[in-house]
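Quick note on labels: first sequence line is chain A, next is B, and so on, each numbered from 1. Predicted model only: the values in this text are computed from it and were never measured.
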Protein chains: 2
Amino acid sequence: MKFSKIPAVTITRLSIYSRCLETLAQEDVKIIASDKLAQKCGINPAQIRKDLAYFGEFGIRGVGYFVKELLFEIKRILGLNKTWKMALVGIGNLGLALVAHENFIRQGYEFVAVFDVDPAKVGRRLPSGQVIHNMDDLDQVVKEKGVEIGVIATPASKAQSAAYRFISAGVKALLNFAPIQLQVPEGMAVENVDFTVKLDNLAYHLTMAES
Amino acid sequence: MKFSKIPAVTITRLSIYSRCLETLAQEDVKIIASDKLAQKCGINPAQIRKDLAYFGEFGIRGVGYFVKELLFEIKRILGLNKTWKMALVGIGNLGLALVAHENFIRQGYEFVAVFDVDPAKVGRRLPSGQVIHNMDDLDQVVKEKGVEIGVIATPASKAQSAAYRFISAGVKALLNFAPIQLQVPEGMAVENVDFTVKLDNLAYHLTMAES
DNA sequence: AGATATCCGTGCAAAATTTCACAAATATTG
DNA sequence: CAATATTTGTGAAATTTTGCACGGATATCT
Ligand SMILES: NC(=O)c1ccc[n+]([C@@H]2O[C@H](COP(=O)([O-])OP(=O)(O)OC[C@H]3O[C@@H](n4cnc5c(N)ncnc54)[C@H](O)[C@@H]3O)[C@@H](O)[C@H]2O)c1
Ligand SMILES: NC(=O)c1ccc[n+]([C@@H]2O[C@H](COP(=O)([O-])OP(=O)(O)OC[C@H]3O[C@@H](n4cnc5c(N)ncnc54)[C@H](O)[C@@H]3O)[C@@H](O)[C@H]2O)c1
């Protein structure tokens with residue numbers, strides 16, 4: 001496990017570069033310099049070069065980077081040269097939007113199973129094809145389908161227990177939409193998506209700007 | 001404008017502390033030490049004290065912090081002693097979930113208007129009460145209702161134009177759900193909520209953990 | 001009351017991250 | 001082909017952020 005010393009922000013930025021490069025590739029841009037890419041991402045150009053330097057040399061001096069090649073390399077680094085299998089717990093308002101979102105599959109992420117406790121929902125088939133499973137079947141279904149990433153979209157009060165279910169089924173990565181800090185064993189990867197934190201940042205900024 | 005030297009991460013953490021303190025208040029915990037709070041948030045206790053020190057002294061040595069008092073102070077710092085008025089553009093799958101989310105109002109954020117281009121949607125009233133406006137009315141409605149935060153949930157290709165609309169209507173803060181980097185004038189506050197970036201982080205972690 | 005334990009606020013050092021600036025490599029121009 | 005212009009990759013400096021460790025304030029125990 002060469003966890004080495006690569007900063008988490010670097011990974012986050014790689015993801016942003018990848019996004020940007022995808023757009024450029026669509027626009028049929030062949031080559032791009034770190035300056036231009038930096039401008040597009042709102043990031044310092046030296047930063048981009050430093051980030052890439054953790055993983056190798058991908059550019060040509062005096063020229064720049066081949067868009068497609070760099071995109072391919074970044075995706076390889078991030079592990080996006082495969083499709084990751086996700087399962088969702090809590091198919092409410094947000095869960096439905098997530099499962100319906102067809103961009104995920106294009107990015108290499110697929111919902112292979114969904115779960116809920118609501119008896120009115122369990123057993124129904126979603127427009128995207130998945131049948132809503134009972135929570136009792138989580139362990140079995142997760143193992144059967146080889147789920148790698150667990151997505152939690154239950155009410156906050158149920159998120160921790162949902163996390164435990166995933167953990168004991170052997171899932172090693174969680175994406176949590178509930179506004180709580182999950183307690184997980186060492187070695188688990190947890191990412192929180194928290195809209196309110198972002199809103200609070202905006203509120204602070206607006207409040208400061210006034211004074 | 002005393003933008004001072006307060007790190008953005010500090011603001012983000014304040015938001016997390018506030019979340020945690022709210023839970024504690026509900027559990028009727030009166031007093032908490034930085035060590036305990038730190039544990040709950042997965043953060044170093046000195047960090048918490050440092051963060052708070054930017055804004056004043058809120059604790060009592062040998063005792064800790066009064067939960068309710070600290071919560072109040074943090075909310076005041078973040079500017080949450082008022083309700084912020086938001087408008088949403090793009091009432092699709094995600095937009096519907098956002099508008100339906102009743103936690104926002106509890107946290108001090110309210111959707112006072114929603115917009116879309118789809119003629120089939122414009123004019124309809126949502127269960128949460130708002131009528132879907134045409135994009136042409138954005139400028140007027142935003143000014144009329146005093147919208148302070150613009151939320152963008154359109155397809156990525158339309159997000160920049162939606163941003164322009166908000167900007168020219170005088171909105172100073174944007175919450176962007178589309179997976180692109182918005183170009184905005186100096187002084188605007190923009191926060192991106194990007195699920196895929198989070199997923200990419202998980203994918204990287206899982207890929208590394210294997211080797 | 002004195003001794004002991006707890007815990008905040010903060011100076012300072014360490015660690016992490018960002019940015020600069022320049023050599024080296026490639027391209028272009030006259 | 002030499003001179004000039006780009007642009008990467010990277011060491012070193014600058015900046016930011018984190019974490020330690022301790023003085024001082026408060027509480028508790030004997
Ligand atoms: N909707 C949003 O825009 C939004 C925004 C920010 C955060 N969130 C967070 O996302 C989560 C989901 O939000 P939502 O709006 O979809 O809520 P919701 O109430 O619409 O849906 C929750 C779903 O979880 C299911 N559920 C409840 N308990 C469960 C359990 N123990 N196991 C499995 N499933 C269970 C419910 O049956 C329901 O289908 C919440 O934590 C919310 O705070 C949502
Ligand atoms: N649904 C998700 O879970 C999810 C996840 C990650 C990111 N996103 C992003 O959020 C955004 C919205 O996603 P969605 O799933 O709700 O998409 P959607 O297609 O369901 O909804 C988009 C809505 O925007 C409206 N719209 C289109 N062009 C517009 C314009 N010019 N002005 C105003 N409104 C316009 C459409 O009529 C539609 O109602 C997208 O950028 C998407 O990439 C969504």
Which of parallel (below 30°), tilted (30 to 60°) and perpendicular (above 60°) describes Phe104(A) and Phe111(A)? perpendicular

Restricting to non-hydrogen atoms, name the atom on Asn44(B) and the atom on Ala38(B) that form the minimum distance, rounded to 0.1 Å. C-CB, 4.0 Å

Under-4.0 Å salt bridge between Arg106(B) and Glu22(B): no

Residues Asp51(A), Arg49(A): salt bridge by 4.0 Å N-O rule: no

Summarise how protein sits on nucleotides 22-29 of chain D as a single string, 5' to 3': B when a protein heavy atom is under 4.0 Å from the base, S for sugar-phosphate-only contact, - for no contact. -BBBBS--

5′-ward residue of the pair Leu52(B)/Gln47(A) relative to DNA chain C: Leu52(B)

Quick one, which residues of residues 7-14 of chain B touch DNA chain D with a heavy atom under 4.0 Å? Pro7(B), Arg13(B)

Out of curiosity, [X] [atom1] to [Y] [atom2], how far, rounded to the nearest 0.5 Å?
X: Met86(B); Y: Leu98(B); atom1: CE; atom2: CG; result: 8.0 Å
X: Glu191(A); Y: Leu175(A); atom1: CD; atom2: CG; result: 7.5 Å
X: Leu202(A); Y: Ile149(B); atom1: CG; atom2: CD1; result: 5.5 Å
X: Lys40(A); Y: Lys36(A); atom1: NZ; atom2: NZ; result: 10.5 Å

Rounding to a whole Å, what distance do you find between [X]:[atom1] and [N]:[atom2]?
X: Asn44(A); N: dT16(D); atom1: CG; atom2: C1'; result: 15 Å
X: Ile6(B); N: dT16(D); atom1: CD1; atom2: P; result: 14 Å
X: Lys5(B); N: dT16(D); atom1: NZ; atom2: P; result: 6 Å
X: Glu57(A); N: dT7(D); atom1: CD; atom2: P; result: 18 Å

Which of these passes side chain to side chain donor-acceptor pair (under 3.5 Å) with Asn176(A): Asn192(A), Thr154(A), Asp194(A)? Asn192(A)

Taking atom CZ of Phe58(B) as the centre, report whether more than 12 heavy atoms of other residues, nucleotides or ligands fall under 6.0 Å from it. yes

Just so I know, are the side chains of Val141(A) and Val112(A) near enough to count as touching, which here means a heavy-atom distance under 4.5 Å? no

Test for a donor-acceptor pair under 3.5 Å between the base of dG19(D) and the side chain of Lys50(B), counting only N and O atoms. yes

It should be established whether Tyr54(A) places a side-chain nitrogen or oxygen under 4.0 Å from OP1 or OP2 of nucleotide dG9(D). no

Walk along DNA chain C from 5' to 3' and tell me the first and last nucleotide with an atom closer than 4.0 Å to a non-hydrogen atom of chain A. dT17(C) to dA27(C)

